[in-house]
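Worksheet for the structure shown next.
Predicted, not measured: the structure shown is a model, and the values here were computed from it. This chain uses plain numbering: 1 for the first residue, then up along the sequence.
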Amino acid sequence: MTASLARVPCTVVTGFLGSGKTTLIRNILANADGKRLAIIVNEFGDIGIDGEILRSCGIESCPDENIVELANGCICCTVADDFVPALDQVLALEPRVDHILIETSGLALPKPLVQAFQWPAIKNRVTVDGVIAVVDGQALSEGRVASDMEALQAQRLADDSLDHDDPVEEVFEDQIACADLIILSKSDLLDAAGTARAHDQISGQLPRAVKIVPSANGNVGLDVLLGLGLAVEDDIENRKTHHDDELDHEHDDFDSFIVDLPAIADPDALARKVTKAAEAENVLRLKGFASVEGKPMRLLMQAVGPRVVHYYDRAWAPGEARETRLVVIGLKGLDRGAIEKILAA
């Protein structure tokens, strides 16, 4: 096989809601050093917030057309319908891409996605360079896979088919079981004891010798993340998960919707409303952008449970609609009206 026909390597970046996947990918883009990259983003919601965050990087080696968003739900549930056409679109790009990054939704199981790389329409064109699981170090140090354990417990109780572990815990364990590398995010927020507790939480789910790499703000060298050359699709049957015996799976315990708001005067005031909504209504995740009165910059806002981060990420483009749009993700049965009332108060 000549170099021009070599299969394009793909890195699957998986991890629970708010773990830091998009931040890690932004760091990869910022340090691409001329490597031509493409990204397939599996956005869980109706608008592509993660895709917008990545587009705001302005990296020459990954222009806007190299970012493809899948907004029809969990990538592992829609592989045939959504992923394969997206891959075709990326592989048709000129100049040819050197590497493809695939950011899964927080609810996705990586194994069904990797198995798709064995399909005849795919296997001769791409290969899985490696599976990277990004985990929330701070939450794990506190004994949880995410910041809002009550919401996870509520999800478990809402699933009549379960009589053992929380389904979200199983998603986390499946992601770990398929990983070739674990990125322990928010490591700068941990002391030695917290780091040890987080490692213990991960190690209990690792069937293989997989390295755990600490990370603050997604800062991990590309020589660590890319170029693993593992051809994971050829080894996927050795990665045992909770869902191996299932033909299909659903994530019907989750809802997502968009809240549109007018321009805001005070980012901190909106952050307080987001915290209030998360605490009152079992919101797992909130992310989006806001237009701030009198400011030329767009405000990015992200929340995991009641923990909120916001900052100005870029200037509004000429002619761009200055909108305040927030995606809310939570358990099935979210009280949309109550959440909208809190955010619009």
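- Within the 4.5 Å cutoff, the side chain of H199 has heavy atoms near those of the L184 side chain.
- Looking at S141, its side chain never comes within 3.5 Å of a backbone N or O of T195 through a donor-acceptor pair.
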Open item on the list: Please determine whether side chain to side chain contact (heavy atoms under 4.5 Å, CB included) holds for the pair I39 and L29, giving the CA-CA distance in whole Å, both sets of side-chain angles, and the decisive distance to 0.1 Å.
Closed with: CA-CA 10 Å; I39 307 169; L29 295 182; 3.7 Å; yes

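- You'll find the side chain of V131 stays beyond 4.5 Å of the side chain of Q175, heavy atoms only.
- With contacts defined as side-chain heavy-atom distances shorter than 4.5 Å, the pair D313/F289 qualifies.
- The shortest non-hydrogen separation linking E233 to T127 is OE2-OG1, 2.7 Å.
- No single ILVMFWY cluster, assembled from side-chain heavy atoms under 4.5 Å apart, contains both I212 and L189.
- Contact annotation: the side chain of R272 approaches that of D266 to within less than 4.5 Å [non-hydrogen atoms, C-beta and beyond].
- Across every non-hydrogen atom of I28 and L222, the tightest pair is CA-CD1, 3.8 Å.
- The two atoms that bring H99 and K35 nearest to each other are CB-CD, 4.1 Å, heavy atoms only.
- With S185 contributing its side chain and S19 its backbone, the two residues share a donor-acceptor pair below 3.5 Å.
- Residues V274 and L343 are in side-chain contact: their nearest non-hydrogen atoms beyond the backbone lie under 4.5 Å apart.
- For D235, the salt bridge (charged side-chain N to carboxylate O under 4.0 Å, His left out) test picks out R239, with sequence neighbours left out.
- Here the closest heavy-atom approach between residue D260 and residue R325 is recorded as OD1-NE, 2.5 Å.
- A donor-acceptor contact shorter than 3.5 Å links the side chain of N27 to the backbone of G218.
- Residues L270 and L261 meet the side-chain proximity criterion, which asks for heavy atoms closer than 4.5 Å.
- Both L24 and L226 sit in one connected hydrophobic cluster of ILVMFWY residues. Membership requires side-chain heavy atoms under 4.5 Å apart, directly or through other members.
- Both L300 and V309 sit in one connected hydrophobic cluster of ILVMFWY residues. Membership requires side-chain heavy atoms under 4.5 Å apart, directly or through other members.
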- [ ] Evaluate the criterion side chain to side chain contact (heavy atoms under 4.5 Å, CB included) for residue pair I183 and L225; output intermediate values, then yes/no.
- [x] CA-CA 10 Å; I183 302 300; L225 300 171; 3.9 Å; yes

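- Connection of I236 to V12 is established within a shared hydrophobic cluster, with ILVMFWY side chains joined at heavy-atom distances below 4.5 Å, either directly or through further cluster members.
- In terms of the salt bridge (charged side-chain N to carboxylate O under 4.0 Å, His left out) criterion, D335 has no residue partners (sequence neighbours excluded).
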- [ ] Go through the steps for R96 and V8 under the test side chain to side chain contact (heavy atoms under 4.5 Å, CB included), then give the verdict.
- [x] CA-CA 9 Å; R96 189 171 185 263; V8 177; 3.4 Å; yes

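- The backbone N or O of V13 sits nowhere less than 3.5 Å from a side-chain atom of K21 that would complete a donor-acceptor pair.
- A distance-only check finds a donor-acceptor pair linking the side chain of T324 to the backbone of S291 [under 3.5 Å].
- Contact annotation: the side chain of I100 approaches that of L91 to within less than 4.5 Å [non-hydrogen atoms, C-beta and beyond].
- Contact check for E103 versus T22: side-chain heavy atoms found under the 4.5 Å cut-off.
- For the pair K111 (side chain) and D174 (backbone), a donor-acceptor distance under 3.5 Å is absent.
- The hydrophobic cluster containing W316 does not contain L299, counting ILVMFWY residues as joined when their side-chain heavy atoms lie under 4.5 angstrom apart, directly or transitively.
- With sequence neighbours left out, the salt bridge (charged side-chain N to carboxylate O under 4.0 Å, His left out) criterion links D88 to R125.
- Between the R336 side chain and the I258 main chain, a donor and an acceptor come within less than 3.5 Å of each other.
- Minimum interatomic distance between A280 and I342 (heavy atoms only, all atoms of both residues): CB-CD1, 4.3 Å.
- Nearest heavy-atom pair across P95 and R36 is CG-CD, 3.5 Å.
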